[in-house]
Trainee: 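Encoded as structure tokens, here's the structure I'll be asking about.
Below, each value reflects all heavy atoms present in this structure, side chains not excepted, and no hydrogens, waters or symmetry copies.
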Amino acid sequence: YIAVEGRFNKVYGQNLAIDSVMNPNDIIFTCDLHLDIPVNMVDSIRKHTVKGLAIFAPFLRRLECGVVTKNGTGFWEIVGYGLVSMYKHDWTLVGGMNMAYGMKWGGEDWELVDRVLRIGYHVYRLRIPGLVHYYHPREGAWYMD
């Protein structure tokens, strides 16, 4: 647990948390809130995250408003990179999240993946059954103040 003063800042928070990981051989995983994460997720992360070669950005199923079960209506989110795993060594090599995004929402994950691709790494993407994101409105979100 790391206490921080002031307004919430996703990019700063992720960088601060990951900076506290000391071992370059540890795998880090960034993710959103409002998720159901399947029990085999850690195995998938370990299998598809390769130090010095590849990061893992799984697809998740995004549920529609009011749906509360894994079998509800929704769609596979294939255009976002909000969930990413990589080795701490590789996170440090690409420079972590770009602080220029500050209090903004959107684009920071794409920019990170762009830097990963520029150094010649691969991005493994798979649909993970049971990895579900529940709908939540964006009104009043931290980045809209």
Side-chain angles (χ1 to χ4, degrees), residues 1-63 67-70 72 74-145:
Y1 176 78
I2 302 171
V4 178
E5 297 288 323
R7 292 180 58 207
F8 176 77
N9 181 314
K10 177 185 169 188
V11 171
Y12 175 73
Q14 284 184 332
N15 282 335
L16 184 64
I18 294 168
D19 284 348
S20 74
V21 176
M22 294 294 119
N23 189 338
N25 297 311
D26 284 345
I27 296 173
I28 53 143
F29 179 61
T30 64
C31 66
D32 197 357
L33 300 173
H34 311 101
L35 297 176
D36 274 350
I37 299 175
V39 296
N40 65 340
M41 189 67 193
V42 171
D43 292 334
S44 292
I45 290 169
R46 291 177 68 202
K47 181 178 181 180
H48 298 100
T49 307
V50 183
K51 184 178 177 185
L53 180 65
I55 70 169
F56 180 47
F59 298 126
L60 56 77
R61 186 147 174 77
R62 190 174 293 278
L63 297 179
V67 176
V68 294
T69 66
K70 293 179 189 173
F75 61 94
W76 284 101
E77 179 65 71
I78 60 171
V79 296
Y81 293 95
L83 282 66
V84 171
S85 67
M86 67 178 72
Y87 277 83
K88 169 65 187 277
H89 166 270
D90 299 334
W91 177 271
T92 303
L93 184 66
V94 297
M97 296 298 277
N98 186 338
M99 290 300 293
Y101 282 86
M103 300 303 288
K104 297 186 285 185
W105 178 88
E108 71 283 354
D109 51 346
W110 281 83
E111 195 274 339
L112 175 67
V113 169
D114 283 347
R115 285 185 282 123
V116 165
L117 292 171
R118 262 186 257 139
I119 64 169
Y121 282 28
H122 301 280
V123 179
Y124 292 136
R125 308 228 52 207
L126 297 169
R127 291 181 183 188
I128 304 295
L131 182 57
V132 176
H133 183 279
Y134 289 93
Y135 174 86
H136 55 87
R138 292 189 175 157
E139 295 80 26
W142 60 271
Y143 56 86
M144 298 182 111
D145 292 342

Trainee: Measure the shortest side-chain to side-chain distance between Trp91 and Val21 over non-hydrogen atoms and say whether it is less than 4.5 angstrom.
Mentor: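 No, side chains not in contact.
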
Trainee: Between Glu108 and Lys10, does any side-chain N to carboxylate O distance fall below 4.0 Å?
Mentor: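 Looking at Lys10 together with Glu108, the answer is yes, because their closest N to O distance falls below 4.0 Å.
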
Trainee: Heavy atoms only: give me the nearest Val123-Tyr81 pair and the separation to one decimal.
Mentor: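 Minimum heavy-atom contact is CG1-CE2, 4.0 Å.
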
Trainee: Measuring only between side-chain heavy atoms, which start at C-beta, is Thr30 closer than 4.5 Å to Leu83?
Mentor: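 They are not in contact (no side-chain heavy atoms under 4.5 Å apart), so the answer is no.
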
Trainee: Check for me whether the distance between the ring centres of Phe56 and His48 falls short of 6.0 Å.
Mentor: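 Under 6.0 Å, so yes.
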
Trainee: Of all the heavy-atom pairs spanning Trp110 and Gly80, show the shortest one and how long it is.
Mentor: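 So the two residues come closest at NE1-CA, 4.2 Å.
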
Trainee: Would you name the heavy atoms of Lys88 and Asn23 that are closest together and state the gap between them?
Mentor: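 For Lys88 versus Asn23, the nearest heavy atoms are CB-O, 3.5 Å.
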
Trainee: Measuring only between side-chain heavy atoms, which start at C-beta, is Val11 closer than 4.5 Å to Asn98?
Mentor: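 No, every pair of side-chain atoms sits at 4.5 Å or beyond.
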
Trainee: Can you give me the closest heavy-atom contact between Pro129 and Pro38, atom names plus distance?
Mentor: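 Of all heavy-atom pairs spanning Pro129 and Pro38, the closest is O-CG, 3.6 Å.
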
Trainee: Check whether any side-chain heavy atom of Ile128 lies under 4.5 Å from a side-chain heavy atom of Trp76, and answer yes or no.
Mentor: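 Side chain of Ile128 against side chain of Trp76, heavy atoms only: no contact under 4.5 Å found.
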
Trainee: Below 4.5 Å, heavy atoms only, C-beta onward: do Tyr121 and Val50 meet side chain to side chain?
Mentor: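 No, every pair of side-chain atoms sits at 4.5 Å or beyond.
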
Trainee: Heavy atoms only: give me the nearest Met97-Asp109 pair and the separation to one decimal.
Mentor: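 Shortest heavy-atom contact: CE-N, 4.3 Å.
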
Trainee: How would you list, by chain and number, every residue that makes a ring pair (Phe, Tyr, Trp, His ring centres under 6.0 Å) with His122, sequence neighbours excluded?
Mentor: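 So His122 forms no ring pair (Phe, Tyr, Trp, His ring centres under 6.0 Å) with any residue.
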
Trainee: Within this structure, what is the CG-CD1 distance for the pair Asp90 and Ile28, rounded to the nearest 0.5 Å?
Mentor: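 Asp90 atom CG to Ile28 atom CD1 measures 9.0 Å (nearest 0.5 Å).
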
Trainee: Any heavy-atom pair between the side chains of Leu63 and His133 that's under 4.5 Å?
Mentor: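 They are not in contact (no side-chain heavy atoms under 4.5 Å apart), so the answer is no.
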
Trainee: Heavy atoms only: give me the nearest Tyr87-Asn25 pair and the separation to one decimal.
Mentor: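 Closest pair (atom of Tyr87, atom of Asn25, distance): CE2-O, 3.2 Å.
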
Trainee: Does anything in residues 113-133 form a salt bridge (Lys or Arg N to Asp or Glu O under 4.0 Å)? List the pairs, not counting sequence neighbours.
Mentor: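 Applying salt bridge (Lys or Arg N to Asp or Glu O under 4.0 Å) to every pair that reaches into residues 113-133, excluding sequence neighbours, yields Glu111-Arg115.
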
